[in-house]
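These notes are about the structure you will find just below.
Below, chains carry the letters A, B, ... as their sequence lines are ordered, and counting in each starts from 1.
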There are 2 protein chains.
Amino acid sequence: MSAKERREQERARVRAALIDAGRAMFISQPYDEVSLRAVARTAGYSAPTILNHFGSKEGLIFAICEQDFGALRARFERIAKVADPVDRLRRLGEAYVDFAMENPHHYRFMFMSNHPAPDPAQFPIDRSNPDLDAYAFLRATVAEAIATGRFRPECKDADLVAQVIWSGGHGLVALHLTKGDDPALTFRPIKAAARLLIDATLRGLLKAED
Amino acid sequence: MSAKERREQERARVRAALIDAGRAMFISQPYDEVSLRAVARTAGYSAPTILNHFGSKEGLIFAICEQDFGALRARFERIAKVADPVDRLRRLGEAYVDFAMENPHHYRFMFMSNHPAPDPAQFPIDRSNPDLDAYAFLRATVAEAIATGRFRPECKDADLVAQVIWSGGHGLVALHLTKGDDPALTFRPIKAAARLLIDATLRGLLKAED
DNA sequence: TTCGTTAACTTTACACTGTTAATTTACTTA
DNA sequence: TAAGTAAATTAACAGTGTAAAGTTAACGAA
């Protein structure tokens, strides 16, 4: 093994250690309550080391999320095998809501925080590959259902339909994450709401016979 | 005028000045990019004066939002006169989306930020009065539509149905506010999406004959 | 009128934050 | 062995929200 390779391996090891330490804290605390210094301390490094590896605090959090979103991708891959595109949409919605509630801080950072899109050079997300990108997967499934004539005639635009469906799922999750503990809002169990939401949205978008 | 009254009036004047200065900055910048010191400076006071009046930074921002949400309430009051509850729901959805897009930072703070519910003593929002609270208004309208037999039989729970409808609207708005400038997501115009979303959601929830 | 009280505001200070710059340390290579 | 390089460190910067202490002015009672 060359010296350069060894250096790179060591660098990857440190990077992994920082991500692990960061994840341990980020699982239980949201983005803005996890301080770089705290992560660095638990990892056994100093704060600027994180910046050296990830460029910024957001870079670190994004790296953590990027890794853990593999779990969502894995579920998508299983769902991709479902033959009927409408069934697939249903399963997709359930998986999306489940994932968000299991990883609230990840979800919050990825879909509810306003940050410039991460540097594609450092974190390449293939937006055109449905296997890797959640929205692309949704859009492709919608397009398939449109192509096979399942949607109502006014639903010809796959992006528009996908965005309407995504809005429902995201809204349900986001409200629960931000307002779920508001005692004045008697939230119904999210599972029940998700079921009604998915059923109603699809019924409203699909042709009557479905 | 008694001295005490004069003092209270002066206090209200300062309070209004702080709110005005805060609003001017908060219109164009989100919550976390508006610093107390900056607001205080433009209002001609020192930072702790804001804390004296509003208890915390969030207290100030909430006071600003609380005032400006009067515009939303005014629209709701007009909509309240619409006879048909389903028509009312439609109008409600449109008004909600419009308001959010016209006041993105207010919306972000009120519905997309995680803060403990504001002290009810200082900011009393009557949750039971539909004229004042957006969710209460939505819920009451849903309940009326349920009572008059417009919704499908599985839609008996006004809270559940209201939360499903709210999810759609909130999700659409929230996605546009956080991801609206992501070049990889070709967002369709929000007006068009809102129309399809509202149509589809209601069609999916209402009885077929509607 | 004068004195003590009170309220409102300011200055100062604290404990943080993410980030940058300068510096040290260790290792590789010529 | 000497030079060079990469990666860590410490120190420092410019902010933040907020708490405590100090200042000033107006008020009510003697």
Checklist line | Side-chain (B:K179) to main-chain (B:F187) donor-acceptor, under 3.5 angstrom | finding: no
Next item on the list: Round to a whole Å and report the spacing from CG of A:L36 to C1' of C:dT19.
Entry: 9 Å
Note to self: Under 6.0 Å between ring centres: does that hold for B:F26 and B:H106?
What the structure shows: yes
Notebook entry, point to check: If you check the B:P48 side chain, which of D:dA8, D:dG17, C:dT12 turns out closest?
Noted result: C:dT12
Notebook entry, point to check: Under 4.0 Å between a side-chain N/O of A:R11 and OP1 or OP2 of D:dA7, yes or no?
Noted result: yes
Margin query: Between A:S35 and A:L51, which residue's closest nucleotide on DNA chain C lies nearer the 5′ terminus?
Written below: A:S35
Next item on the list: Find which nucleotide of DNA chain D each of B:A38 and A:G44 is nearest to by heavy atoms, and output the residue with the more 5' nucleotide.
Entry: A:G44
Next item on the list: For A:R37, answer base if it contacts any base atom (sugar-phosphate contacts may also be present), sugar-phosphate if it contacts only those atoms, and nothing otherwise; contact means non-hydrogen atoms under 4.0 Å.
Entry: base
Next item on the list: Would you mind classifying the nucleic acid contact of A:V34 as base, sugar-phosphate or nothing, using non-hydrogen atoms under 4.0 angstrom?
Entry: sugar-phosphate
Notebook entry, point to check: Once you round it to whole Å, what is the distance between C1' of D:dT9 and CD1 of A:I50?
Noted result: 14 Å
Checklist line | A:D32 CG - C:dC16 C1' separation (whole Å) | finding: 14 Å
Margin query: Looking at A:R88, I'd like to know if its CZ atom is crowded, meaning that more than 12 non-hydrogen atoms belonging to other residues, nucleotides or ligands lie closer than 6.0 Å.
Written below: yes
Next item on the list: Have a look at B:T49 and say if it touches a base, only the backbone sugar-phosphate, or nothing, with a 4.0 Å heavy-atom cut-off.
Entry: base
Next item on the list: Check the distance between D:dT9's P and A:Y45's OH and give it to me in whole angstrom.
Entry: 8 Å
Notebook entry, point to check: Taking CZ from A:R41 and C1' from C:dG18, how many angstroms apart are they, rounded to a whole number?
Noted result: 15 Å
Next item on the list: Answer yes if the side chains of A:Y107 and A:E102 hold a donor-acceptor pair under 3.5 Å, and no otherwise.
Entry: no
Margin query: Regarding A:S46, tell me which of base, sugar-phosphate or nothing describes its non-hydrogen contacts under 4.0 Å with the strands shown.
Written below: base
Notebook entry, point to check: A:Y31 OH to C:dT17 P: how many Å, rounded?
Noted result: 13 Å
Next item on the list: Verify the contact: side-chain N or O of A:H53 to OP1 or OP2 of D:dA8, cut-off strictly under 4.0 Å; return yes or no.
Entry: yes
Notebook entry, point to check: Has A:R6 got a side-chain N or O lying under 4.0 Å from the OP1 or OP2 atom of C:dC27?
Noted result: no
Margin query: So does A:I198 get a backbone contact from the side chain of A:T201, meaning a donor-acceptor N/O pair under 3.5 Å?
Written below: no
Next item on the list: Could you tell me the separation between the NZ atom of A:K57 and the C1' atom of C:dT20, rounded to a whole number of Å?
Entry: 17 Å
Notebook entry, point to check: Over how many whole Å does the gap from A:E10 atom CD to C:dT28 atom P extend?
Noted result: 11 Å
